Protein chains: 2
Amino acid sequence: MTAPLQLSRRERQIMEILYRRGRATAAEIHQDIADRPSYSAVRAHLRSLEDKGHVRHEAEDLRYVYSPTGQPAKARKSALAHLVTTFFEGSPARAAAALLDSRSARLSEEELDHLSGLIEKARKEGR
Amino acid sequence: MTAPLQLSRRERQIMEILYRRGRATAAEIHQDIADRPSYSAVRAHLRSLEDKGHVRHEAEDLRYVYSPTGQPAKARKSALAHLVTTFFEGSPARAAAALLDSRSARLSEEELDHLSGLIEKARKEGR
DNA sequence: AACAGCCTGCTAAAAAACTAGCACATCCGG
DNA sequence: CCGGATGTGCTAGTTTTTTAGCAGGCTGTT
């Protein structure tokens, strides 16, 4: 039974920060939130997210450090899949192409090599 | 002055369907919504989205056909950027690598060729 | 013309999200 | 030992979101 991804705006903001940082205290999250609400509000949301099972905390150094319960890998994959179906007609290739677009990002030599390698691998497996 | 993406949960659902389909009637959107609300509710949201400038409609065949106002390309780019910073530490290369992962999708020969081409191009421009 | 079917606009009210602030605990420096 | 700084739990209130349903328009059919 996986957590039913139906988060509100604030909850999503918080989850995203957590995914980005891996783990964070309420104060850190509060800091990171763009449209900053009250510290209190953040804490309340964290508790609520914990209730719903999206987040867990461990006491550390007198305060709580929160982290997402879901495996980051899973979350990543699911987010990618969602984006691909929403914006790229379900085609991962198109999404990848958009990422490779040189206008938006320049990749290092190593990264390019790595990607080439992946493509080669895909070629072999496809055959 | 572009529309400030501050949508509620339902509004987001609707916008995503619109991006996915390009254009759709209220009934079609209603159909597509996972956690289905009332038809009436969908129409209300559409009107509200139109007020906020996220959506436009044209009368067609006695009913309204809605479509996103924003350029799809812009939306795509922004969604990608957001996802990359949230889940891939800001590295487009890692995101691309995830997309190429053969376990999640097998790409056609043509797609692979195309991607190789893009990588080559990036190599040249990087130099 | 009267009706059913499908559509829109609108509004009031229910539901959910969001928030502030209090009460209480711990730690630390004076 | 006493305040200030920082933390949490909780609860009640406000604001926003989400919803249903009414009123009415247009079409085509009988």
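Computed from heavy atoms alone, side chains included, the values below leave out hydrogens, waters and symmetry copies. All values reported here derive from a predicted model rather than from experimental measurement.
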Reading nucleotides 10-22 of chain C 5' to 3', which nucleotides get B (base under 4.0 Å from a protein heavy atom), which S (sugar-phosphate only), which -? B------SSBBB-

Using heavy-atom distances to pick each residue's nearest nucleotide on DNA chain C, tell me which of B:T25 and A:L62 is more 5'. B:T25

Does the pair B:R106/B:D101 count as a salt bridge with the N-to-O cut at 4.0 Å? no

Which is it for B:H45 and B:Q13 under the side chain to side chain donor-acceptor pair (under 3.5 Å) test, yes or no, and what are the steps along the way? CA-CA 10 Å; B:H45 281 305; B:Q13 286 184 325; over 6 Å; no

Could you tell me whether B:R56 and B:E50 make a salt bridge, using a distance below 4.0 angstrom between a side-chain N and a carboxylate O? no

For atom CD of A:E60 and atom P of D:dT8, their distance in whole Å: 12 Å

Distance check needed: C:dC28 P versus A:R63 CZ, whole Å only. 12 Å

Round to the nearest Å and state the distance from B:H30 atom NE2 to C:dC6 atom P. 14 Å

Closest heavy-atom contact between A:L7 and A:M15? CD1-CG, 3.5 Å

Hey, is B:R23 close enough to B:E58 for a salt bridge, meaning N to O under 4.0 Å? yes

Decide salt bridge (charged side-chain N to carboxylate O under 4.0 Å, His left out) for B:K52 and B:E11; before the verdict, give the C-alpha distance in whole Å, the side-chain angles of both, and the deciding distance to 0.1 Å. CA-CA 11 Å; B:K52 299 193 209 161; B:E11 290 178 325; 2.6 Å; yes

